[in-house]
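Reading through the structure tokens given below for one structure.
Note: hydrogens, waters and symmetry copies are ignored here, and every other heavy atom, side chains too, is used. Residue numbers start from 1 in every chain, and the chains themselves are labelled A, B, ... in the order their sequence lines are given, proteins ahead of strands.
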There are 2 protein chains.
Amino acid sequence: MVTLAEVAQHAGVSASTVSYVLSGKRSISAGTRQRVERSIQELGYHPNAGARALASSRSNIIALMIPLRTDMYVPVMMEIAIAVATNARIHGYDVLLLTGEEGPDAVRRVTGSGLADAMILMDVELDDERLPLLRETDQPSVLIGLPADTSGLTCVDLDFGATGALCAEHLAILGHRDIAVIGEAPAVYERHTGFAERTLDGLRSRSRELGLRVLHRPCEGGYDAMAVTLARILDERPGTTGFVVQNESAVEPLLALLRQQGRAVPEDVSVIAICPDQVATQASVRLTSVAIPAQEMGRYAVEHLIAKLEGRGKDEVVLIAPELTVRASTGPAPTA
Amino acid sequence: MVTLAEVAQHAGVSASTVSYVLSGKRSISAGTRQRVERSIQELGYHPNAGARALASSRSNIIALMIPLRTDMYVPVMMEIAIAVATNARIHGYDVLLLTGEEGPDAVRRVTGSGLADAMILMDVELDDERLPLLRETDQPSVLIGLPADTSGLTCVDLDFGATGALCAEHLAILGHRDIAVIGEAPAVYERHTGFAERTLDGLRSRSRELGLRVLHRPCEGGYDAMAVTLARILDERPGTTGFVVQNESAVEPLLALLRQQGRAVPEDVSVIAICPDQVATQASVRLTSVAIPAQEMGRYAVEHLIAKLEGRGKDEVVLIAPELTVRASTGPAPTA
DNA sequence: ATAGGTTGTCGAAGCGCTTCGACAACTAAA
DNA sequence: TTTAGTTGTCGAAGCGCTTCGACAACCTAT
């Protein structure tokens, strides 16, 4: 393994000079710089990460905590993870992947050991156990998701309240009067992951203003659960013509069931999904949807973290405005 | 930040003693051990990762390279990533997430800098650019996937050849005679990711033995692409009654299209998917499928890596035997 | 010509840990 | 009782880097 000292010797300069060439923290004459850079090339030098971290107390690593469960919005998480990794590299950082499994201990471990300079947390619960630790430490962090108390924290998320409102508006304009919300699995609500509630609140309050009647039913994904849920909804409100689906894995089953019952989409009923665009465009009907901006959230999280690491950047909550894309699954309400 | 030296002082022993308590590399009297452990607790000590890596030239980090594209088997990759992270933690390792973006440079960077002790590569192409580097370095690695030349490498993968054969057998036993394979997107074949070809080869050769006629068509995911593909297949071989689907995102569209054309599943046509169990059970029809054992591959990769790091473990290729689970999407061929 | 500033380079200290050799204090065999 | 081994602890060196202060060499304005 090639060391700084070897590069220095090869280039005929001192070790510190090589270090300054690498970091740019002091000015170096053009000649020296070139000689050093050539030596680095020729010897195939790569700075040792451990030594660098020890000496500078900066690891150039960002920790990303992703939930262990794979029961929920998997593609979204994957997209966020990839966006985080890609953007981190752009700024010279690597990404350490932590699963939620360890919970608060993982936060302690990372901050305590200097493994990472900063962290991004996903799947934040309303009253998340990890938050007190984050507030105590001076290590920068960004949450993807919104806890109940955001004081002293930086958060990014889709504005799910506005998302719900947007769905209500779209259906109202099309003339629908009775709508149903197919929510996430009950476990998601029990866990108090805020986004589901926020969507519902936004949708309900806007619906009230617009005179829509709303029925909300949580739903495990899958065909069988969806069948039960749909039957109950239509039993209770036979006149339901609009559906808002938050649980990705309920979308296809719902479409299949509606078809099976002879309810045409979008002629008889309209369906809006809250999901990544990729899911919306690959479904069996091209779905009118509100996109979950995974890339954007990942990028924002990284950039804000970098800003904090550089001393810029303050705590703030950023809610990304939702965008509804009309595709083939929504249309005017049937005239009764 | 608490250091080893502070713990040592607090416990009234030398720094090296604390280190040995931590590592267990020398015997320590019960009394001393307890005193040290109490001090560690009381002070909330966490060893500094950089210092440790520098002194021991072991980072206790495993690098995981995942493909950048999200066009393919996303849930599988996510499951593997989580399995890797979870199992790595069990052995005291953390996981560094690299995207395929940097290609071979990422390999050089990681091995050169001592950032990670070992690496796991996913999405391996038949003639992958990264392989020569892996053969040169003495850093252990495991591939998830199978390149053309496996000499000097360790690989895990589902036995896709046997998977193809298994699908053929299942359909043959049910009396089907004309079957179609809905393959991955053309890009996947162009990229020479071996698994698609291997599936096809296994399926074709077993079909020949069993007297099945096989039509293979690559297919982008999504409804529209599937519609075109299906139309062509039925045009060319109207008597097709069995489908094997390798592209996850073609499954639902296929089911929707078949339904729409009045072809009942499984009465008129049978469908086998090659996909994670979760996808198979959540589809609009509970799918007969060959599972992609993501968890198992992730676990195996980590365990083999650990074995190599500990000096045990040699290069080998492990092909996991496929398992076909019969669900509701396959049945006897209709009697003509 | 001189004082005051820049610029470019170097040497040395030190980051927090692991690990080697040394050695005192025992124990077991001769 | 002596010798040889075992066990538990310590001190010191060193891992490869960053960074601080020092300083020679050169400007630029007086």
key: Pair listing, side-chain hydrogen bond (donor to acceptor under 3.5 Å, both in side chains) test, anchored in residues 46-56 of chain B, at least two apart   = none
key: side-chain hydrogen bond (donor to acceptor under 3.5 Å, both in side chains) partners of A:Y45, counting only residues at least two apart   = none
inquiry  = Going by side-chain hydrogen bond (donor to acceptor under 3.5 Å, both in side chains), name the residues that satisfy it together with A:T154, two or more places apart in sequence or in a different chain.
reply    = A:K308, A:D315
Under the side-chain contact (heavy atoms from CB on, under 4.5 Å) test, which residues partner [X], sequence neighbours left out?
X: B:E296; result: B:P293, B:R299, B:I320
X: A:T150; result: A:L146, A:P147, A:C155, A:V317
X: A:E37; result: A:V21, A:R33
X: B:A11; result: B:V13, B:V36, B:S39

inquiry  = When you compare the side chain of B:I61 with that of A:L96, does any pair of heavy atoms fall below 4.5 Å?
reply    = yes
key: Set of salt bridge (Lys or Arg N to Asp or Glu O under 4.0 Å) partners for B:E42, sequence neighbours left out   = B:R38
request  = For the pair A:R89 and B:D105, find out whether any cationic side-chain nitrogen is under 4.0 Å from an anionic carboxylate oxygen.
outcome  = no
query = Sub-3.5 Å donor-acceptor pair from the side chain of B:E6 to the main-chain atoms of B:T3, do we have one?
reply = yes
query = Checking all strands, does B:L54 fall into the base, sugar-phosphate, or nothing category for heavy-atom contacts under 4.0 angstrom?
reply = base
request  = Scan residues 33-46 of chain A against DNA chain D and write down, sorted by residue number, each residue with any heavy atom closer than 4.0 Å; if none is found, say none.
outcome  = A:Y45
task = May I ask you to list the residues of residues 2-22 of chain A, by number, that have any heavy atom positioned under 4.0 Å from an atom of DNA chain D?
result = A:T3, A:L4, A:S16, A:S19, A:Y20
remark   = First and last nt of DNA chain C near chain A, cut-off under 4.0 Å to heavy atoms, 5' to 3', are C:dT7 to C:dG16
ask   = How is the base pairing of DNA chain D summarised as a dot-bracket string, given the Watson-Crick and G-U wobble criteria with both distances under 3.5 Å, [ ] for crossing and | for another strand?
value = ||.|||||||||||||||||||||||.|||
query = Should we count CD of B:Q41 as having more than 12 external heavy atoms under 6.0 Å?
reply = no
ask   = Near B:Q9 CD, under 6.0 Å, is it more than 12 heavy atoms from other residues, nucleotides or ligands?
value = no
key: Given DNA chain D, 5'-ward residue of the pair B:G31 and B:A51, judged by closest heavy atom   = B:G31
